[in-house]
Amino acid sequence: FTRRIDLTAGASFGRDRYQNPNSLTGFARRDKPQSGFVQLNGPLAEKLRYYVQLQASRSNSNITFYDYKQLTLLAGIAVDF
């Protein structure tokens, strides 16, 4: 077996349409969530591996309070058994 590094990536796009009017604005909320990630992992020892993952997400909404952008960096060591 060779020691190898894996790179994984993914993305999602959506559209959320709420039926009921928002209690603060009086009209229904419409969101367009988007997210993506990139992960790198590789071996440390026979049953140990490391990983580093970067996640990005955002939501575009017709109600400003629900608009957001988020960036998350995760890192760790996993045990395979």
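What's counted below: heavy atoms across the whole structure, side chains too, no hydrogens, waters or symmetry copies.
- By the 6.0 Å contact criterion, CD1 on Ile77 is open, its count of non-hydrogen atoms from other residues, nucleotides or ligands being 12 or less.
- The two residues Ala56 and Leu71 make their nearest non-hydrogen contact at CB-CD1, 3.8 Å.
- Considering CZ of Phe37 and OG1 of Thr72, their distance stands at 13.5 Å, rounded to 0.5 Å.
- The heavy-atom pair separating Asn62 from Ala28 by the smallest distance is ND2-O, 3.1 Å.
- The cluster map of Ile, Leu, Val, Met, Phe, Trp and Tyr, joined by side-chain heavy atoms under 4.5 Å apart, puts Val52 and Leu48 in different clusters.
- Atoms CD and OG1, on Gln53 and Thr8 in that order, are 9.0 Å from each other to the nearest 0.5 Å.
- Distance OG/Ser35 to CD/Gln70: 10.5 Å, rounded to 0.5 Å.
- Under the 4.5 Å side-chain contact rule for hydrophobic residues, Tyr18 and Phe65 do not share a cluster.
- When atom types are taken as modelled, the side chain of Asn22 and the backbone of Leu24 share a donor-acceptor pair closer than 3.5 angstrom.
- Note that OH of Tyr66 is 12.5 Å distant from CG of Asp16, once rounded to the nearest 0.5 Å.
- Proximity of Asn60 to Gln34: side-chain heavy atoms (C-beta onward) are separated by under 4.5 Å at one or more points.
- The backbone N or O of Ser61 lies less than 3.5 Å from a partner atom in the side chain of Asp67, making a donor-acceptor pair.
- Taking hydrophobic clusters as Ile, Leu, Val, Met, Phe, Trp and Tyr residues chained together by side-chain heavy-atom distances below 4.5 Å, Leu40 does not share a cluster with Leu73.
- Checked against side-chain hydrogen bond (donor to acceptor under 3.5 Å, both in side chains), Arg30 has no partners two or more places apart in sequence or in another chain.
- Sorted by first and then second residue, the pairs that involve residues 40-50 and meet side-chain hydrogen bond (donor to acceptor under 3.5 Å, both in side chains), not counting sequence neighbours, are Arg49-Asp80.
- When every heavy atom of Pro21 is checked against every heavy atom of Gly26, the shortest pair comes out as CB-O, 3.5 Å.
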